[in-house]
Structure formats: C-alpha cells, structure tokens
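Structure first, commentary second.
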2 protein chains.
Amino acid sequence: MERNLSLNLHVLTARLDRAADRILRAEHDISYSRFLALTLVGELEASTQRTLAEYLGVTEPSVSRMTGVLAADGLLDVQPDPAGGNRRRLSLTDEGKRRVASIRQEFEDRLAAVVAASGVPYAEYAEHTARLLTTFDRLEREAGK
Amino acid sequence: MERNLSLNLHVLTARLDRAADRILRAEHDISYSRFLALTLVGELEASTQRTLAEYLGVTEPSVSRMTGVLAADGLLDVQPDPAGGNRRRLSLTDEGKRRVASIRQEFEDRLAAVVAASGVPYAEYAEHTARLLTTFDRLEREAGK
DNA sequence: GCAGCTAACTTAGCAAGCTAACTTAGCCAA
DNA sequence: TTGGCTAAGTTAGCTTGCTAAGTTAGCTGC
C-alpha cells in the first residue's frame, strides 16, 4: 500500500477529529471546532479574532463566523476593544467557562490511552509534533507568504 | 500556552493540508482532496467506493460526491461492478493517471524538507504516526462503532 | 482637515466534510 | 416467489473550511 507520512498524518488527524466530534456532540452537545475555539479563547485571555485565527490555524473569515455563532449560543462574549481600533475583545461567558471546564482533560486522556496502546512514546511524539509545527510555521513565515 | 498533542496534530495537519492545496491548485490545477482520492484509486487497483472511503478516512457520502465530480472532470472511470451487486468499479482514466504521475513524489519531498529543517527524525516520526493510525483503527473497530 | 495607508473584521459564495434517511441489488429461507 | 436481510451507494441539508472582495477605525503627512 505504501502509505506516506503526509497521507497518514492527514488520515490520522481526520479520524481523531471525527471521533472527538462524535463524543463531544453526544456527551456535551457541542462540536469539536467550537470546543477548540472556546478552549483557545480561555487560554489566550481576551485576545482578538485575528490572534484566535492564528492559534486555531484557520483564516479570519472562519473565526468571524465562528465567534458569531458562539456569541449567539451564549458561550462567548464579543465586545469592541475599549482601547479603540477595529478590534473585538473575546472572552468566555460563564456558561462558556463551565462548558470548557467540564470537558477539559477528557480528550488528552483518551488520546493518551490510544498512544499507550500503540506503544508509541507519548512525550517524544508530542515533542516531535510540536517541533514540526513550529518549524513549518517559521518556514511559511520566511517564504514571505 | 500549553498546547497539547491533539490540538497540535490538528493544527499541524490543517496547515500542511492547506499548503498542499495551494501548491496543487496553483501548479497542477487540482485540489488536494481530489489528488488524494486519485492517488488512492491508483494504489488500490479497481476498488469500490466503500474501500476508498475507508482508506481516505472519510465517509461514503463524501466519496460518492467526490467520484461524481472526478468522473465529470474526466479523471476517474466509474463503472458498475461486472461481478454484480450494488457496487462501482473505480479506475483512473489516462488523464487521471497522467495527472497523478506528474505530481507523485513532489509532496513527500517537500514535507521531508520541513521535517529535516525541524531536526525531527523522519523515519521514526513516520513509523510512530503509522502505528498510531493502525492502533486507533483497531480500537475503533473493537469498540463496535 | 482630508487623502491615503494599514490593521482588523465582515460578506458572499464555493468546496467538501458530516449525519440521517433513503434506494438499489443480490441473497436466502419459508 | 415473496419478504426480509445485508451491503453499497445516493440524497438532502447542515457545518465549517477556503478565497476574493468589501468595510471600518484609527494613524500620518501635507
């Protein structure tokens, strides 16, 4: 079959994401992408949409729509930046915080179980993945892009 | 920031896929997902849509639509299985073969360059990724799913 | 004090995932 | 030979990526 790295990464991630999405929808009534967005807003502390797009690895229009639906669902608070400029301050509502907190560790634990079952050394694989991301990021930035 | 493995895999793959998509559209006038589908049909030798879905890591409806547009574009040949049953035989047209062959090695080479720049050992990372995929697959199957 | 610039965001429309529900084709048992 | 079963594929409708193009808010120089 000769499956290569890029294809395997693509398929592995697609499956993990899909599994995560099913679990979250079934048990917590939220999609995986919405959960990721809320998680990062929580971690980034009152950032802008542009920053969130950067961290999520998606484009600004995608974030624009996402913040719209999350705000409509009462999970996210979107306010004009008091410091001025055409910016929005993003923060979690109480309900948003509650939702994220209740899910928090669950996923990493489940993924860790898969990793353990596979015999792949977790720390090393995680470190390699993080390093690849950083490198790819840098190369794209250098390429002018 | 404390970015975890599942998020990093998600973001890394999203970026790689997006970059691949841009290159393919610009230089070869085809999207990345269509290219992947054609590649796998080539490797799987006259398989069914269900098998292709399995290998691509997507659902059957997605493959159904994809084979439709690829056939309409003259890249894929979709025929009822002569052996009977409600199946389709998938194979590449000459144009499809030409297209896949002309792109073939390019991506793995580009990705290998990124991996090299990051200092991550390619063979090991590829092996770990493949192992995780196999394990996840097995666990999902065992879970009855 | 307005022209132009830049940064941040939005709108519009397309591509391609997904789930749920349906259809089609062959098989098998009564 | 028909009624149900299973496997494979399709349809419908939603979500959420994307790009291209447009808008809005403040800044800067004349």
Side-chain angles (χ1 to χ4, degrees), chain A residues 10-11 13-26 29-38 44 46-73 76 78-90 145, chain B residues 10-11 13-26 29-38 44 46-73 76 78-90 145:
Chain A
H10 177 92
V11 174
T13 303
R15 297 224 173 142
L16 289 175
D17 286 359
R18 194 148 30 116
D21 199 62
R22 268 197 297 256
I23 293 168
L24 282 181
R25 281 175 198 277
D29 194 31
I30 191 174
S31 76
Y32 184 48
S33 40
R34 292 180 188 193
F35 167 69
L36 284 182
L38 292 177
L44 290 172
S47 91
T48 64
Q49 294 184 185
R50 175 163 289 191
T51 307
L52 179 57
E54 165 91 335
Y55 279 78
L56 279 173
V58 304
T59 60
E60 289 171 42
S62 299
V63 167
S64 179
R65 182 171 38 189
M66 180 65 78
T67 54
V69 304
L70 289 177
D73 283 2
L76 189 66
V78 183
Q79 297 293 335
D81 191 326
N86 187 22
R87 289 152 184 261
R88 313 281 176 275
R89 276 276 145 138
L90 303 178
K145 233 210 56 152
Chain B
H10 177 92
V11 174
T13 304
R15 296 225 173 142
L16 289 174
D17 286 359
R18 195 144 33 114
D21 199 62
R22 268 197 297 257
I23 292 168
L24 281 180
R25 282 175 198 277
D29 194 31
I30 191 174
S31 76
Y32 185 48
S33 40
R34 291 180 189 192
F35 166 70
L36 284 182
L38 292 176
L44 290 172
S47 93
T48 63
Q49 295 184 184
R50 175 162 289 191
T51 307
L52 179 56
E54 165 90 336
Y55 279 78
L56 279 174
V58 304
T59 60
E60 290 172 43
S62 299
V63 167
S64 179
R65 181 171 40 187
M66 180 65 80
T67 54
V69 304
L70 289 176
D73 283 1
L76 189 67
V78 182
Q79 297 292 335
D81 192 325
N86 187 22
R87 290 152 183 262
R88 314 282 176 275
R89 277 275 142 140
L90 303 178
K145 232 207 55 140

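Below, chains carry the letters A, B, ... as their sequence lines are ordered, and counting in each starts from 1. Just so you know, these numbers use all the heavy atoms, side chains as well, and skip hydrogens, waters and symmetry mates. The shown structure was predicted, so the numbers you read here are calculated from the model rather than taken from an experiment.
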B:Ser64 side chain, from C-beta outward: closest of D:dT10, C:dT19, D:dG9 |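 Comparing D:dT10, C:dT19, D:dG9 against the side chain of B:Ser64, the answer is D:dT10.
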Identify which nucleotide among D:dT19, C:dA8, D:dA12 has an atom closest to any side-chain atom of B:Arg22, counting heavy atoms from C-beta outward.
-> D:dT19
Distance, rounded to the nearest Å, where [X] contributes [atom1] and [N] contributes [atom2]:
X	N	atom1	atom2	result
A:Asp17	D:dG17	CG	P	10 Å
A:Glu60	D:dT16	CD	P	19 Å
B:Glu54	D:dA7	CD	P	14 Å
B:Leu52	D:dA8	CG	C1'	13 Å
A:Leu38	D:dT16	CG	P	11 Å
A:Asp81	D:dC27	CG	P	12 Å
A:Arg88	D:dG26	CZ	P	11 Å
A:Gln49	D:dT16	CD	C1'	16 Å

Can you tabulate the close N/O pairs, meaning under 3.5 Å, that link protein atoms to atoms of nucleotides 14-17 of chain C?
from	atom 1	to	atom 2	distance (Å)
C:dA16	OP1	B:Ser31	OG	2.8
C:dA16	OP1	B:Ser33	OG	3.4
C:dA16	OP2	B:Arg34	NE	3.3
C:dA16	OP2	B:Arg34	NH2	2.8
C:dA16	N7	B:Arg65	NH1	3.4
C:dG17	N7	B:Arg65	NH2	2.5
C:dG17	O6	B:Arg65	NH2	3.3

Quick check: closest heavy atoms across [X] and [Y], and the distance to 0.1 Å?
X	Y	result
B:Gln49	B:Val78	OE1-CG1, 4.3 Å
B:His10	A:Thr13	CA-CG2, 3.7 Å
A:Leu24	A:Phe35	CD1-CB, 3.7 Å
A:Ser47	A:Thr51	OG-CB, 3.8 Å
A:Val58	A:Ser62	CG2-CB, 4.0 Å
A:Val11	B:Tyr55	CG2-O, 3.8 Å

Find out whether B:Arg22 and B:Arg18 are in side-chain contact, i.e. whether some heavy atom of one side chain is under 4.5 Å from a heavy atom of the other.
->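 The answer is yes; the side chains approach within 4.5 Å.
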Within the structure shown, what part of the strands sits under 4.0 Å from A:Arg87 by heavy-atom distance: base, sugar-phosphate, or nothing?
-> sugar-phosphate
Would you confirm whether B:Thr67, through its side chain, and B:Val63, through its main-chain N or O, come within 3.5 Å as a donor-acceptor pair?
->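 The answer is yes, because a donor-acceptor pair under 3.5 Å joins these two groups.
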Worked check of side-chain contact (heavy atoms from CB on, under 4.5 Å) between B:Met66 and B:Leu52 = CA-CA 11 Å; B:Met66 180 65 80; B:Leu52 179 56; over 6 Å; no
Give each protein N/O atom lying under 3.5 Å from an N/O atom of nucleotides 25-28 of chain C, with the pair distance.
from	atom 1	to	atom 2	distance (Å)
C:dG26	OP1	B:Gly85	N	3.4

